[in-house]
Amino acid sequence: MTTKKIVLLDGNSLAYRAFFALPLLTNDSGIHTNAVYGFTMMLQNILADEKPTHMLVAWDAGKTTFRHQTYGEYKGGRQKTPPELSEQFPYLRKLLEAFNIPQYELDQYEADDIIGTLSTTGDADGSEVIVISGDKDLTQLASEKTTVYITRKGMTDIEKYTPDHVKEKYGIEPQQIIDMKGLMGDTSDNIPGVPGVGEKTALKLLKEYGSVENVYQSIDNITAKKLKENLTNNEEQAYMSKTLATIEVKAPLTISIDDLSYAGPDMDKVTSIYQELKFKTLLEKIAPQEAEKPQEAIDIQFLTEITEADLTDEMAIHIEMIEDNYLTADILGISLADEKRTLFVTLAVAQQSAIFKEWLGNPANKKYTSDSKAAIASLAGQGLIAEGFEFDLLLASYIVNPSSTYPDIASIAREFGRADVQPDEVIYGKGAKKSVPDEEKIAEHASRKARVIWDLRDVIETKLKENDLYDLYHELELPLAKILCQMEVTGVKTDLKTLQEIGSDLSAKLIELEAAIYEAAGEKFNINSPKQLGVILFEKIGLTPIKKTKTGYSTAADVLEKLESEHEIIGLILTYRQLGKLNSTYIEGLSKEIHEDGKIHTRFQQALTTTGRLSSINPNLQNIPVRLEEGRKIRAAFVPSEPGWYLFAADYSQIELRVLAHISKDEKMIEAFRAGADIHTKTAMDVFGVDQDAVTSDMRRAAKAVNFGIVYGISDYGLSQSLGITRKEAATFIESYLNSFPGVKAYMEEIVADAKLKGYVTTLMNRRRYLPDITSSNFNLRGFAERTAMNTPIQGSAADIIKKAMIDMAKRLEDEGLQTRMLLQVHDELIFEAPEDEIEKLKQIVPEVMESAIALDVPLKVDWAFGLSWYETK
DNA sequence: CGCTTCACG
DNA sequence: ACGTACGTGAAGCGA
């Protein structure tokens with residue numbers, strides 16, 4: 001038996017969604033393509049996942065519909081379709097024709113009504129129906145046989161509304177969606193609803209009375225005075241709103257389900273449209289080999305012996321590895337390129353060549369590479385010393401735009417217009433299929449990389465100079481790469497025994513807690529599964545769910561803390577989670593990362609964060625516990641690598657607020673830092689208008705939270721969450737803060753305005769971050785971009801400063817001839833290991849160097865400590 | 001492989 | 001009305 005599978009798409013809604021979800025892409029010919037692209041991506045996924053037998057894209061027809069006879073203002077006040085979107089509709093229609101997907105529109109009806117009519121018919125026939133839209137109104141069509149897919153951000157992300165899911169999400173049946181709209185209205189369609197009734201009230205009323213009609217029949221039972229008044233005065237409007245929101249399921253269609261049969265696309269036509277629109281990734285999906293024009297052959301010299309003539313004082317060099325952890329990966333070969341030649345040598349040939357080793361170690365020979373840190377570290381692992389890296393493609397492209405992250409050289413090259421390097425995944429495969437190909441293939445791949453590095457250097461350096469970014473790149477990031485390399489290669493000695501002792505202690509406690517939790521719950525379950533835990537807490541025990549996630553009840557710590565007094569199990573779970581985290585991530589996780597030399601070698605990602613910070617991976621040594629004592633003990637396992645040595649830690653005090661004081665030029669804040677005041681206490685004095693002696697610990701705590709909020713780009717909601725107060729109270733706090741610090745207030749306003757004007761913000765050292773969403777009409781995106789505009793200059797400048805300090809520090813250690821080694825950077829602190837007899841010197845030079853990394857309008861302050869383990873440096 | 005949770009600054 | 005604090009990485013679950 002064959003059942004039909006009918007997919008019905010809401011064309012206009014999906015095009016709008018795609019348009020606003022994706023950045024305004026233009027192809028080479030200047031045509032905007034984002035809506036077509038997003039629509040197509042979604043379509044491809046649906047075709048692949050659902051394999052429909054019948055399909056239709058329904059469009060809205062013209063301006064007026066039968067709903068306008070009911071209410072002239074229906075969809076009134078809507079902004080005109082942006083021209084950048086309008087111009088994309090013809091392409092969408094053409095594309096759908098190429099896919100052989102039927103399209104339909106009907107005068108006086110909206111796409112919803114076409115879909116509603118067909119889904120109802122299909123449903124009655126026993127067919128499986130999928131409705132796809134960006135508009136949640138369509139969830140009213142959900143039924144046993146009909147599922148409604150609503151796209152979420154990014155288009156390919158989809159939320160599936162079955163009747164159960166509607167019920168779970170809203171607590172009502174799909175048919176009641178129209179009652180909900182009747183009561184709350186819909187601003188986007190200009191449906192009025194009942195004033196003063198929003199989603200919450202509407203749902204409450206419906207849970208009690210079931211429908212708009214029943215609400216009015218029982219109107220006398222409603223006690224809330226204002227609500228009753230609003231309902232009574234707007235009865236007609238409520239009924240009308242419900243009618244407007246109701247999708248017509250008996251539209252006079254001139255097509256039937258049989259007209260929708262779908263047999264697959266006309267690939268030739270699809271390909272030609274993709275080519276016209278320059279959809280490269282989509283083209284590759286269809287025909288990987290045809291996607292690109294055949295690659296031009298590259299002439300490679302495969303050297304078995306290196307002569308002086310092969311090497312010059314200016315060359316691109318690339319170290320090819322299949323694994324991304326260059327600290328442990330094997331080197332598959334080395335490629336070199338200059339203006340004329342492209343060379344490839346195996347590791348063995350390189351290692352045996354005195355000529356090559358001399359060339360490599362001589363800094364006068366300028367080397368251009370991608371990821372100099374990886375190059376230096378991997379070569380050092382093979383006993384090859386490399387000096388003189390003058391260009392780093394990875395860092396340069398990151399500085400041009402830190403928001404674009406690249407998985408490999410191919411994608412960087414592509415960004416700058418070069419398509420002649422294949423992605424690593426294509427050469428090596430991925431997942432289980434990943435393997436080393438024959439040497440010829442490696443040689444070609446590596447050589448193409450060296451070639452593109454050579455060719456792009458000039459292009460990218462020019463771009464850096466144009467944007468005033470060259471200094472940041474060349475004087476800060478490039479020298480830092482070498483220092484980070486040294487830190488990674490040095491590693492941190494980690495005492496496995498200490499970890500194991502803490503681990504067995506934790507394990508014992510976890511077993512006890514586990515038993516106590518099962519006892520309290522009355523059954524065994526997986527405590528680590530939020531899903532199972534949610535069932536136990538909120539269904540079996542019957543606690544009140546405070547927050548929901550996409551997938552169910554939230555069981556996050558802040559939620560559980562609010563329930564702690566309700567049931568003994570909560571406290572046990574919180575402790576279990578805390579200790580479980582320590583055990584799995586830190587004890588077990590870190591133990592696995594200890595190398596044969598007894599050390600952990602993290603890698604610092606220098607071209608990743610959007611703000612300019614570093615990140616640490618494999619393992620992450622920037623998030624070792626410190627806030628709670630149980631976790632802090634983990635730090636006892638990190639020790640000096642030589643007998644008689646110490647760990648020495650130094651951190652910037654309040655660096656972000658000092659940066660804020662400087663860039664905002666707020667006089668009060670500058671004054672406070674110059675006077676050496678406790679900034680949170682000072683903030684409390686100003687915000688609450690009291691003397692220092694009258695500042696209570698609660699006031700200081702609140703002031704501290706506001707200071708954090710300010711740094712993050714404050715919102716009343718965020719502050720209310722962190723302080724556990726109402727939004728209104730939070731808003732009052734913020735207002736009195738900004739009145740106390742007018743310079744800060746002005747800065748926040750100016751930076752957002754400036755970002756809107758220029759499209760980006762910068763840090764003290766000119767690091768740039770582009771914020772395309774800052775002019776978005778989407779409230780969320782814009783709000784996020786605005787907060788980012790406020791935060792990035794602060795977080796990013798602090799990152800600039802500590803990077804500069806690291807460079808100065810490395811130089812100082814060298815100049816002073818000290819043995820001290822820099823080991824770690826944790827955003828505002830530096831960790832060193834040092835022989836005992838250098839500690840006195842460090843006490844003096846570390847704060848001196850760090851504090852003078854940059855001159856601000858306020859002093860920088862550094863605190864330090866030393867001890868026999870990281871735990872003791874407090 | 002996405003989601004949730006939680007560790008850090 | 002909208003639904004958020006900024007920046008990260010790792011582990012475990014469950015489709």
Side-chain angles (χ1 to χ4, degrees), chain A residues 152 156-157 184-188 193 196-200 402 431 526-534 547-560 573-574 577-578 580-586 588-590 592-593 602-605 608-628 631-632 634-635 651-652 654-656 705-706 708-723 727 730 734 769 777-796 798-799 802 824-829:
Chain A
R152 290 195 292 219
T156 45
D157 194 8
M184 68 183 274
D186 183 338
T187 34
S188 71
V197 176
E199 185 175 313
K200 280 200 173 158
N526 187 344
I527 310 169
N528 286 321
S529 162
K531 198 176 165 188
Q532 295 182 33
L533 180 61
K547 213 165 52 175
K548 277 193 160 192
T549 65
K550 283 183 214 175
T551 47
Y553 308 111
S554 171
T555 65
D558 62 328
V559 170
L560 297 188
I573 288 165
L574 284 167
R577 281 247 181 99
Q578 190 202 329
K581 172 92 181 176
L582 293 178
N583 206 33
S584 64
T585 304
Y586 297 102
E588 289 169 11
L590 289 177
K592 276 185 272 183
E593 299 284 351
T602 185
R603 272 144 57 227
F604 291 103
Q605 303 234 91
L608 184 136
T609 74
T610 45
T611 54
R613 275 190 176 183
L614 301 177
S615 91
S616 158
I617 56 166
N618 250 295
N620 182 354
L621 291 186
Q622 289 181 320
N623 71 345
I624 303 301
V626 68
R627 292 172 189 169
L628 299 169
R632 190 175 205 151
I634 307 267
R635 295 186 168 218
D651 69 289
Y652 282 111
Q654 309 292 357
I655 187 164
E656 292 192 339
V706 179
F708 268 102
I710 289 290
V711 168
Y712 293 156
I714 199 141
S715 76
D716 49 11
Y717 181 85
L719 183 65
S720 72
Q721 289 298 300
S722 104
L723 278 176
R727 256 172 78 158
I734 294 168
R769 177 174 181 182
S777 54
N778 178 318
F779 177 90
N780 270 327
L781 290 179
R782 190 178 62 249
F784 184 61
E786 286 170 354
R787 292 194 296 277
T788 312
M790 300 184 232
N791 172 263
T792 296
I794 302 172
Q795 191 183 113
I802 193 162
L824 295 173
Q825 186 251 45
V826 192
H827 310 306
D828 65 354
E829 66 177 316

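Below, read A as the first sequence line, B as the second, and so on, with proteins coming before strands; counting in each chain starts at 1.
- Note on A:Arg627: a base of the nucleic acid sits closer than 4.0 angstrom, heavy atoms only.
- Atom P of nucleotide B:dT5 and atom CZ of A:Arg577 are separated by 6 Å, given to the nearest angstrom.
- A:Glu656 comes within 4.0 angstrom of no nucleic acid atom, judged by non-hydrogen atoms across all strands.
- Side-chain to base pairing of A:Lys550 with B:dC3: no donor and acceptor N or O lie closer than 3.5 Å to each other.
- Across all strands, A:Phe784 comes closer than 4.0 Å only to sugar-phosphate atoms, never to a base (heavy-atom distances).
- To the nearest whole angstrom, the two P atoms, one in C:dT4 and one in B:dT5, are 14 Å apart.
- Counting non-hydrogen atoms under 4.0 angstrom, A:Val711 reaches nothing in the nucleic acid.
- One P atom belongs to C:dA5, the other to B:dT4, and the distance between them is 13 Å to the nearest Å.
- Distance CD (A:Gln532) to P (B:dT5): 14 Å, rounded to an integer number of Å.
- Contacts of A:Ala705 with the nucleic acid, taken as non-hydrogen atoms under 4.0 Å apart, include base atoms.
- Counting non-hydrogen atoms under 4.0 angstrom, A:Gln721 reaches nothing in the nucleic acid.
- With a 4.5 Å cut-off on side-chain heavy atoms, A:His827 and A:Ile802 do not count as touching.
- Here A:Leu582 lies out of heavy-atom contact (under 4.0 Å) with every strand.
- Distance A:Ile634 CD1 to B:dC8 C1': 13 Å, rounded to the nearest Å.
- Distance A:His827 NE2 to B:dA7 C1': 11 Å, rounded to the nearest Å.
- Using modelled atom types, no side-chain atom of A:Gln532 and backbone atom of A:Ile527 make a donor-acceptor pair closer than 3.5 Å.
- Distance CZ (A:Phe708) to C1' (B:dC8): 11 Å, rounded to an integer number of Å.
- Remark: C:dG7 base-pairs with B:dC8; criterion is Watson-Crick or G-U wobble with both hydrogen-bond distances under 3.5 Å.
- Counting non-hydrogen atoms under 4.0 angstrom, A:Asn623 reaches a base of the nucleic acid.
- Among the atoms of the strands shown, only primed sugar atoms or phosphate atoms (P, OP1, OP2) are found under 4.0 Å from some heavy atom of A:Thr611.
- Reading DNA chain C from its 5' end, the first and the last nucleotide to sit under 4.0 Å from a heavy atom of chain A are C:dC2 to C:dA15.
- The CZ atom of A:Phe604 sits 13 Å away from the C1' atom of B:dG9 (whole-angstrom rounding).
- Nucleic acid contact for A:Thr792: none, since no nucleic acid atom lies under 4.0 Å from a heavy atom of the residue.
- B:dT5 atom C1' lies 17 Å from atom NZ of A:Lys531, rounded to whole Å.
- Contact of the A:Val559 side chain with the A:Thr555 side chain is not registered, since no non-hydrogen atoms from C-beta on lie closer than 4.5 Å.
- Residue contacts for A:Arg782: at a heavy-atom cut-off of 4.0 Å it reaches no nucleic acid atom on any strand shown.
- Paired with A:Gln795 under the rule side-chain hydrogen bond (donor to acceptor under 3.5 Å, both in side chains), one option of A:Thr609, A:Thr788, A:Thr611 passes, and it is A:Thr611.
- Atom-to-atom, CG of A:Leu533 to P of B:dT4 comes out at 14 Å; the value is rounded to the nearest Å.
- Using a 4.0 Å heavy-atom cutoff across all strands shown, A:Ala798 reaches no nucleic acid atom at all.
- Using the Watson-Crick or G-U wobble rule with both distances under 3.5 Å, B:dC1 pairs with C:dG14.
- The residue A:Asn778 sits apart from the nucleic acid: no heavy atom pair falls under 4.0 Å.
- Contact annotation for A:Gly713: no contact, since no heavy-atom pair falls under 4.0 Å across all strands.
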